[in-house]
Amino acid sequence: MFRPVSIERDAERSSSTTVTHRSLPGVRAPNDHCTSQSGEMDEAVRHSTPLRVILSNDPRAYREALFIALRRLRPKIDLLPVDPGLLVQEIDRHAPDLVILSTTDLITDDVPWSWILLYPDGARLAIIHTKARQQQRGSLGLDDLLRIIDESMECP
Amino acid sequence: MIRILLVEDHASFRQALAMAFDLQPDLHVVAEAGTIVEARALLADVDVAVVDLDLPDGVGTELIGPLRTINQNAQVLVLTASANQHDIARAVELGASGALHKSAQIAEILGAVRRLSRGELLWSPAELVSLMRLAGQERQQRDAAQVTLKRLTPRELDVLRSLGGGLSDREIAAHLSVGLETVKTHMVSVLQKLGVDSRLQALVFAVRNGVVRLD
């Protein structure tokens, strides 16, 4: 059983924000926190670019709870909660490394981002598609999710 | 400190929600469970149980009775993905103190737990009466349906279940080792007793009332 260690007292306040609109410049090329568009990044640059994760799973209580937990447990990732209805434009805008979602609509073979399909239509099911692993799970705990994020932060 | 039991089978949500609760100064998750069986062992020392309806081994409201037996002041907040008012009404009738849809904000869930722990209602009396009325109507319909179903003979029930299995009259005849005409006779009798005009209506009736399960 997972029990949190870190205790801060502002979850209720923070959880009221479900969509974050960040002041990033327009549409960008796909983000890759390991490799620059012109080739390999040097070590210093590589580790200065945070993993960008879009959190767009349904229902909203799930999304907000995960946002609170991941923000506490992995404060260095760039975590963006996004309403599923705005997911297409937010992906174009933010070029995420990883998208956590509950709908298959946007998933194709050639999407440049890794993804976790979490509880599609409420099913007890998660499908993980990252560089490090492709698997289907009947149950996905918070520790599993953290492990996947940690793997995604490790550059090859 | 409000002591909370979380019963939810989607583990990553349950664990994250537990963290959201524990980040509050007045809330503490004392136990988590993913099934009814697990939860039954964790009902002691709980002020508010936050319970999903759709659990792998049953309906979350099954925990209300055992929880109240241990602590009659304990409150149950149903957290469900169902938008069906009948599900909510049934939960209220069984003793749930409140219900929220999973599209709610976390802040709403935290607030609901606090209100329930203070003995407040989440619904207005009028809303509560409306839900109770809905539950009562549904119970009456259910009871009437059961009376109707009891008029069917075991063989007619077999025919009805076979129909639910997608079998044709000929296949039902072979399955039940009876003649084709016998199947047709049973089918006519089933339709008459259920008060419906078609096989499809009979099948819908059977599914709604638990005689046939469509997997």
Side-chain angles (χ1 to χ4, degrees), chain A residues 1-19 55 57-74 79 81 83-85 100 102 116-126 128 137-149, chain B residues 1 4-35 38-39 41-42 50 52-57 77-84 87 99-115:
Chain A
M1 181 186 298
F2 166 81
R3 305 297 307 130
V5 176
S6 169
I7 301 292
E8 286 191 38
R9 309 292 187 188
D10 62 345
E12 188 165 356
R13 188 170 61 248
S14 66
S15 66
S16 63
T17 305
T18 53
V19 179
L55 199 52
N57 57 311
D58 258 337
R60 177 159 64 176
Y62 285 28
R63 185 165 66 250
E64 290 193 6
L66 279 181
F67 177 72
I68 291 167
L70 294 179
R71 200 181 57 172
R72 300 291 162 198
L73 298 171
R74 290 297 180 273
L79 187 62
D83 186 292
I100 299 172
S102 299
I116 299 172
L117 185 65
L118 190 59
Y119 309 134
D121 295 321
R124 297 179 186 100
L125 171 72
I128 300 137
R137 302 277 298 266
S139 174
L140 192 78
L142 193 52
D143 50 352
D144 300 313
L145 207 48
L146 293 172
R147 198 171 301 121
I148 294 164
I149 288 171
Chain B
M1 183 70 79
I4 299 162
L5 166 65
L6 279 184
V7 188
E8 163 65 55
D9 61 314
H10 289 162
S12 59
F13 170 57
R14 185 185 68 240
Q15 293 159 353
L17 184 60
M19 188 169 195
F21 277 123
D22 283 339
L23 287 167
Q24 303 299 307
D26 57 335
L27 306 176
H28 178 50
V29 175
V30 293
E32 297 175 34
T35 64
E38 286 173 13
L42 303 169
V50 179
D52 185 17
L53 285 184
D54 183 23
L55 294 166
D57 54 348
L77 173 65
V78 166
L79 197 54
T80 177
S82 170
N84 188 335
D87 289 340
L100 284 177
H101 193 266
K102 286 180 174 175
S103 61
Q105 295 181 359
I106 293 296
E108 288 179 70
I109 298 171
L110 300 179
V113 167
R114 290 190 175 106
R115 288 176 62 187

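In what follows, chains are A, B, ... by sequence order, proteins preceding strands, each numbered from 1.
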Peer 1: Determine the option with the most heavy-atom pairs under 4.5 angstrom with chain B, choosing from A/Asn57, A/Leu140, A/Asp144.
Peer 2: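 Between A/Asn57, A/Leu140, A/Asp144, the count favours A/Leu140.
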Peer 1: Other residues, nucleotides and ligands only: do more than 12 of their heavy atoms fall within 6.0 Å of CG on B/Asn84?
Peer 2: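 Buried by this count: over 12 neighbours within 6.0 Å.
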Peer 1: Could you report the tightest heavy-atom contact between B/Ala11 and A/Tyr119, atom names first, then the distance?
Peer 2: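 Residues B/Ala11 and A/Tyr119, closest heavy atoms: N-OH, 3.2 Å.
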Peer 1: For residues B/Ala20 and A/Ile68, report the shortest heavy-atom separation together with the two atoms involved.
Peer 2: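 Residues B/Ala20 and A/Ile68, closest heavy atoms: CB-CD1, 3.9 Å.
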Peer 1: Can you tell if the side chain of A/Leu73 reaches within under 4.5 Å of the side chain of B/Met19, non-hydrogen atoms only?
Peer 2: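 In short, these two side chains touch, coming nearer than 4.5 Å.
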Peer 1: What I'd like to find out is whether the side chain of A/Arg124 reaches to under 4.5 Å of the side chain of B/His10, using heavy atoms alone.
Peer 2: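 Yes, their side chains come closer than 4.5 Å.
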Peer 1: Does B/Asp57 have any salt bridge (charged side-chain N to carboxylate O under 4.0 Å, His left out) partners at least two apart in sequence or in another chain, and if so, which?
Peer 2: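 If we apply the salt bridge (charged side-chain N to carboxylate O under 4.0 Å, His left out) test to B/Asp57, skipping adjacent residues, there are no hits.
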Peer 1: At a heavy-atom separation under 4.5 Å, does B/Ala104 approach chain A through its side chain, its backbone, both, or neither?
Peer 2: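 Contact with chain A is through the backbone of B/Ala104 alone.
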Peer 1: Tell me, please, which residues at least two apart from A/Ser102 pass side chain to side chain donor-acceptor pair (under 3.5 Å).
Peer 2: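 For A/Ser102 there are no side chain to side chain donor-acceptor pair (under 3.5 Å) partners, ignoring immediate neighbours.
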Peer 1: Hey, which of B/Ile109, B/Leu17, B/Ile106 is the one that makes side chain to side chain contact (heavy atoms under 4.5 Å, CB included) with A/Glu64?
Peer 2: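 Filter result, single survivor: B/Ile106.
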Peer 1: Look at A/Ala69, A/Ala61, A/Ala126, A/Gly141 and state which one has the largest set of heavy-atom pairs under 4.5 Å with chain B.
Peer 2: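 Looking at each option in turn, the highest pair count goes to A/Ala61.
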Peer 1: Does any backbone or side-chain atom of A/Leu70 lie under 4.5 Å from a heavy atom of chain B? Answer side chain, backbone, both or neither.
Peer 2: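 Neither part; nothing is under 4.5 Å.
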Peer 1: So do B/Gln15 and A/Leu145 actually touch side chain to side chain, heavy atoms under 4.5 Å?
Peer 2: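 A side-chain contact under 4.5 Å is absent here.
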